[in-house]
Amino acid sequence: MPSEDCVFCRIAQGELPATVVHEDDRAMAFEDLNPQAPEHILVIPRRHTTSVASLEEEDRELAGHLVLVAARVARERGLDSSGYRVVANVGEEGGQTVPHLHLHVLGGRSMTWPPG
Ligand code: 5GP
Ligand code: ZN
């Protein structure tokens with residue numbers, strides 16, 4: 001998918017606004033537009049890749065970095081002691097609506113299991 005057609009590529013390139021809470025050379029984290037919990041942050045790679053399913057062996061370091069950014073953002077937002085959830089939806093039945101890999105960091109309320 002060309003980056004001009006991808007909403008998260010456009011956020012990563014600064015072409016669309018977002019409330020950014022973390023930025024580095026490989027990743028970005030910003031508040032979800034339609035939060036499903038008091039804290040709802042999305043962690044994305046700057047480079048376009050569709051989902052967890054499109055990750056390749058060479059993305060091992062990037063994948064680990066995204067998880068560490070998710071944990072860091074959760075810590076910074078005071079979610080460590082209460083707990084939180086990190087979710088990656090994949091594809092249609094996984095409930096993915098934006099085809100640019102992202103980790104949801106959800107917290108600030110009790111989560112239910114199993115997810116819907
Ligand atoms: P998915 O359904 O793909 O797992 O998650 C996509 C998430 O992106 C949704 O929670 C949705 O609210 C969020 N989202 C969609 N478009 C935008 C946008 O333009 N800006 C921000 N900040 N979040 C978005
Ligand atoms: Zn993209």
Side-chain angles (χ1 to χ4, degrees):
M1 167 183 278
S3 63
E4 59 266 28
D5 293 340
C6 174
V7 63
F8 288 177
C9 280
R10 296 192 65 197
I11 287 174
Q13 288 156 13
E15 293 173 9
L16 284 179
T19 304
V20 176
V21 300
H22 173 90
E23 245 185 311
D24 62 48
D25 56 333
R26 288 163 291 169
M28 201 166 166
F30 51 87
E31 291 181 356
D32 196 291
L33 201 59
N34 181 24
Q36 301 301 311
E39 297 284 348
H40 189 171
I41 304 296
L42 301 174
V43 180
I44 67 166
R46 285 189 180 277
R47 178 173 62 75
H48 184 89
T49 190
T50 306
S51 74
V52 166
S54 64
L55 288 171
E56 302 193 31
E57 190 58 39
E58 68 204 36
D59 299 319
R60 179 179 293 271
E61 209 274 334
L62 176 65
H65 182 63
L66 295 175
V67 173
L68 288 173
V69 169
R72 175 180 165 163
V73 165
R75 194 164 56 244
E76 286 172 356
R77 298 179 83 87
L79 299 174
D80 258 10
S81 56
S82 51
Y84 56 93
R85 185 167 289 173
V86 179
V87 178
N89 297 327
V90 179
E92 193 180 339
E93 291 203 355
Q96 185 176 12
T97 58
V98 176
H100 180 129
L101 172 62
H102 49 283
L103 301 180
H104 296 259
V105 180
L106 295 143
R109 67 167 170 82
S110 280
M111 301 293 155
T112 58
W113 192 265

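Any value given below was found using the heavy atoms of this structure, including those in side chains, with hydrogens, waters and symmetry copies removed. Whatever order the structure lists ligands and atoms in, that order sets their numbers, starting from 1. Each residue takes its place number in the sequence, starting with 1.
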Sub-4.0 Å heavy-atom approach of A18 to ligand 1:
no
So if I count the atoms of ligand 1 from 1 in the order they appear, which ones are less than 4.0 Å from some heavy atom of H102?
1 (P), 3 (O), 4 (O), 5 (O), 6 (C)
Going by the 4.0 angstrom heavy-atom rule, the piece of L33 near ligand 1 is both
Could you name all protein N, O or S atoms found under 2.8 Å from the Zn ion (ligand 2)?
C6 SG, C9 SG, H48 ND1, H100 ND1
Is there a polar contact between ligand 1 and T97, counting only N or O atoms under 3.5 Å apart?
yes
Cut-off 3.5 Å, side chains only: do H65 and D24 have a donor facing an acceptor?
yes
Write out the residue and atom name of the closest protein heavy atom to atom 10 (O) of ligand 1, then the distance separating them to 0.1 Å.
D32 OD2, 2.5 Å
Over all atoms of both residues, closest heavy-atom pair of H48 and C6
ND1-SG, 3.5 Å
Return yes or no for this condition: an N or O of G95 is under 3.5 Å from an N or O of ligand 1.
yes
side-chain contact (heavy atoms from CB on, under 4.5 Å) with R85: which of Q36, M111, H104?
M111
Side-chain donor-acceptor pairs under 3.5 Å in residues 88-96, sequence neighbours left out?
residue	atom	partner	partner atom	Å
Q96	OE1	G91	N	2.9
Q96	NE2	T50	O	3.0
Q96	NE2	V98	O	2.9

Report, in ascending order of atom number, the atoms of ligand 1 lying under 4.0 Å from any heavy atom of N34.
12 (O)
Apply the side-chain contact (heavy atoms from CB on, under 4.5 Å) test between L101 and each candidate in V52, D59, I44, V43; give the one that qualifies.
V52
Would you check whether Q36 reaches within less than 4.0 Å of ligand 1, judged by its heavy atoms?
no
Close-contact set for ligand 1 against I11 heavy atoms, below 4.0 Å:
20 (N)
Between P35 and H40, the two heavy atoms sitting closest are CA-ND1, 3.5 Å
What are the atoms of ligand 1, with element, lying closer than 4.0 Å to any heavy atom of V7?
19 (O)
Looking only at distances, please establish whether an N/O atom of ligand 1 is found under 3.5 Å from an N/O atom of L42.
no
Residue, atom and distance of the protein heavy atom nearest atom 16 (N) of ligand 1 read F8 CE2, 4.3 Å
